[in-house]
Amino acid sequence: MTRRTSLVAVLTVAVGYSLFAGRTTAPAAGVASAPARVAPRERMSLNDDWRFRKDDPPGNSVCLLYDLRPEVKDARDDRPADREPGAAEKARASTLAVLKPWILPTGNALIKDPARRFVRPAGNPGSDVAYVRADFDDRSWRRVNLPHDWAIEGPFLVEGDFGGMGRLPSWGIGWYRRKLHIPATDAGKSIFLEIDGAMSYATVWLNGRLVGGWPYGYSSWQLDLTPHLVFGGENQLAIRLDNPPSSSRWYPGGGIYRNVWLTKTQPVHVGQWGTRVSTRQVSPSSATVDLEVTIANDSKADAAVRVATRVFALDAEGRQTGEAVASFAPMDAAVAAGGNATVRDSVVIADPRLWGPPPQQQPDRYVAVTTLTREGRTTDVYETSFGIRALRFDPDRGLFVNGEHVFLKGVNNHHDLGALGAAFSLRAAERQLEMLREMGCNAIRTSHNPPAPELLELTDRMGFLVMDEAFDVWYRGKTPLDFHLIFPDWHEQDLRALVRRDRNHPSVILWSVGNEVGEQYTGEDGAAVAKRLCDIVRDEDPTRPTTSAMNWAKPDMPMPAVLDVVSLNYQGEGIRDTPEYAGTTRIRTPPQYAAFRERFPGKPILSSETASAFSSRGVYLFPVSKEISAPVRDGRGGDPEIRQVSAYELHAVDFGSSADKVFGSLARHPFVAGEFVWTGWDHLGEPTPYYGSRSSYAGIIDLAGFRKDRFYLYQAHWRPELPMAHILPHWTWPERVGQVTPVHVFTSGDVGELFLNGRSLGRKTREPYEYRLRWDDVVYEPGVLEVVTYNHGRRWATDTVKTAERPAGLEMRPDRTTIRADGADLSFVTVRVVDANGLVVPRANTSIRFTIEGQGEIVATDNGDPTSFEPFQAHERKAFNGLCLVIVRGTAGRPGRIRLTVSSEGLRRGTTVITSEARAPGGSPSRAGVDTAGNRGPRQAPESSR
Ligand code: GAL
């Protein structure tokens with residue numbers, strides 16, 4: 001669901017917020033913008049001008065814990081991801097007063113049964129803590145703008161059991177304070193604080209009064225500030241976060257890491273996430289749109305309101321266009337004082353432009369503009385963007401969108417954005433999706449938690465399909481202090497918040513209530529929990545199926561029976577299904593697709609996690625496995641000394657399979673709807689198989705955004721119409737002269753001929769269920785390696801790699817040379833270490849210095865090396881296998897040129913200029929090729945265009 005400042009508000013007070021080019025950006029709350037007349041609804045960014053510090057006030061003796069936590073008896077974090085989750089530990093009894101009773105009522109609006117809602121106790125805990133007081137002097141605190149991740153600056157914790165959470169100090173206590181000026185003219189309005197993600201256990205005080213909070217760090221939530229505000233004066237917000245250690249299997253980040261908003265409405269207004277739009281009877285000639293609007297009345301008097309909604313088409317950038325394409329007949333509602341009322345209606349739209357995933361379809365969208373009037377005066381205007389599309393999961397053939405079969409070519413992604421940490425950045429998320437799109441990916445699973453709402457704006461606009469996931473754990477935990485501690489009290493509120501917030505997004509196709517939960521192991525009891533969660537989802541959204549990802553539950557176990565869609569993690573290909581695992585106590589199973597289909601012929605089946613294949617970009621280890629899929633072992637795909645995994649792309653986690661093996665298994669089971677690869681991008685934390693590292697090895701793209709070879713393996717398979725070929729490894733091996741150095745080629749063609757220094761090394765043909773061409777006995781000599789590929793007998797695509805000489809210079813390639821000067825937009829600049837001929841030197845780990853002049857700053861640097869402990873803020877870092885990344889942001893409100901220079905001892909320096917513009921750059925941004933592998937001629941172009 002999308003909420004935007006109403007058109008009326010934009011016109012009358014010139015405020016609005018924008019996710020994309022073309023809309024006005026949000027003013028900070030408290031910035032004077034004298035309204036000509038009262039706007040019915042305003043939504044303002046509250047991201048700027050916070051003061052931040054870690055830890056409670058020195059000597060604080062008041063208990064500010066949300067709840068008692070069990071003792072962490074075992075903080076080891078490197079155990080297999082697929083171990084059985086354990087039963088919850090009880091916290092030791094204590095007489096300490098905790099804040100939970102004051103926090104729980106915040107979620108009341110999301111608890112369906114009034115009898116289960118919470119009553120706030122008397123009292124005001126924490127009021128005598130210095131940091132909550134309005135008169136506390138916080139001028140010495142650090143100034144920060146949100147989204148903010150307090151942990152990403154490090155330092156990395158090189159020693160100890162911290163690999164799972166990314167070796168960055170994300171746990172601990174942090175305080176955020178901000179002043180809020182609320183003009184006297186706001187008196188009588190309802191004013192809400194909206195937080196899209198605070199990690200975690202947020203507690204909010206306003207003017208010294210504890211207002212509420214929210215424990216789960218991934219949820220969006222709101223607080224009604226109205227009763228505690230001073231109108232016509234300064235107000236003081238104080239937010240305390242308390243992120244537990246040993247609380248995550250990956251890097252969670254710490255802090256208020258997503259956007260924060262202040263929403264002002266009239267007392268009678270559309271409720272939080274108060275619209276539901278869905279479509280049915282969709283055809284090219286017409287579609288029925290069902291609309292439900294829930295109106296909240298915060299006033300002390302009953303209200304009669306008229307609800308009118310018009311539908312407009314949106315353009316590709318999300319701008320409303322033209323005249324209304326449909327109007328709902330006005331509906332009248334009586335809303336009791338302090339209560340809610342819901343109205344429903346339907347309308348038919350003729351000749352709708354449908355929403356669907358490219359390349360087959362277009363992601364066209366509409367917006368429903370709902371206007372509430374009372375006695376002829378507008379009291380709210382609320383926008384809901386949506387798409388018209390028909391979804392059908394077919395048990396025999398998978399997913400159909402608008403009647404057309406769409407195979408799920410999906411990836412899992414965690415929420416972190418590499419060197420930017422968990423702090424949400426629209427451009428960084430968009431860049432991730434752009435690269436995935438280039439690979440042929442059409443679907444995302446938000447593993448294993450609610451995403452930033454803006455991610456779904458992007459997937460709507462770009463046409464990705466989304467499996468929107470709520471939880472990694474339920475009652476049984478995976479780490480000692482994870483979400484299982486709050487699940488009993490909060491699962492309904494968190495789940496309803498997710499579905500209510502996201503249900504109007506056309507990109508969301510499936511709700512996942514869990515991932516590999518411990519309740520798979522608890523028979524009927526576990527299935528009952530799954531059923532309860534699915535029922536909550538269906539109550540909020542009856543239009544989409546529910547699922548939960550299963551790595552253990554088999555067809556004869558109770559869990560799958562209660563799910564609409566069977567989502568398998570790794571089981572489809574089989575888990576540890578080779579003799580070397582005989583006798584293990586870990587999960588072992590033969591391939592399960594057929595067994596699930598036999599037991600549940602009416603249920604669609606998909607693979608919510610496949611592969612978990614590992615590699616380090618540009619690292620090739622010898623000897624090379626002859627198998628198409630093998631676990632990582634010392635000297636067999638993995639090198640524990642350097643903590644790197646071979647990029648021949650043949651190795652996977654013990655319970656996983658290489659991409660090649662997964663492709664084969666999916667091809668043999670055409671009823672499976674598709675796959676979500678573990679993972680699209682490397683993520684911070686969970687660095688299996690080397691927990692001494694900082695970030696994962698599972699990504700198809702590395703942490704810095706450089707493509708691993710696997711990118712081309714997926715592209716070859718997922719975009720069969722695209723003529724492409726990709727050779728690996730690089731061809732600069734002075735120490736391997738005369739040694740066997742296998743050459744593999746990923747291509748969408750079916751035949752390839754390899755040439756070394758002009759000599760043919762023979763033709764190879766891709767047989768059915770083979771996804772690479774391999775020349776395993778090539779003897780290395782320096783020079784030029786070239787592959788010419790064919791498809792159905794026609795020349796198709798070529799690729800070339802050349803032996804590089806010594807490093808001679810540095811080159812820079814910004815992904816965009818023009819950005820917006822809004823303090824948020826970014827340019828991602830690839831730095832290449834090149835030889836005298838401009839070829840990337842494939843193993844250059846040169847130390848590089850960055851300097852910047854003009855209207856911008858360096859936000860972070862990275863090189864994609866999972867073992868690098870250089871801080872992401874450093875302006876000097878090593879290249880990793882020839883490449884380095886620097887992320888540049890324009891100064892807010894100061895357009896101009898930004899000159900970035902990179903230098904290194906003895907190398908020709910590199911310079912690039914980025915223009916930071918006041919307005920959105922028109923058209924598509926300039927994208928110089930951000931090729932990562934170097935040493936190549938143009939690829940992916942048809943032969944004829946060379
Ligand atoms: C799966 C799990 C993922 C991740 C992956 C790593 O079992 O669902 O979250 O841990 O393994 O290989």
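Atoms within a ligand are numbered from 1 in the order they appear, just like the ligands themselves.
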Quick one: do Phe424 and Tyr257 satisfy ring pair (Phe, Tyr, Trp, His ring centres under 6.0 Å)? Show the steps, please. CA-CA 6 Å; Phe424 184 75; Tyr257 70 103; 9.1 Å; no

Every residue of the protein that comes under 4.0 Å of ligand 1, judged on heavy atoms: Ala81, Arg249, His448, Asn515, Glu516, Asn569, Tyr570, Glu609, Ser612, Phe655, Trp678, Glu686

So the salt bridge (charged side-chain N to carboxylate O under 4.0 Å, His left out) pairs with at least one residue in residues 629-640 (sequence neighbours excluded) are Glu580-Arg633, Glu580-Arg636, Glu627-Arg636, Arg633-Asp654

Report the residues that fulfil side chain to side chain contact (heavy atoms under 4.5 Å, CB included) with Ala595, sequence neighbours left out, ordered by chain and then residue number. Pro555, Gln592

Set of side chain to side chain contact (heavy atoms under 4.5 Å, CB included) partners for Val562, sequence neighbours left out: Ala527, Ala530, Lys531

Sub-4.5 Å side-chain heavy-atom contact between Asn449 and Trp250: yes

If we ignore hydrogens and angles and just use 3.5 Å, is the side chain of Thr446 paired with the main-chain N or O of Glu469 as donor and acceptor? yes

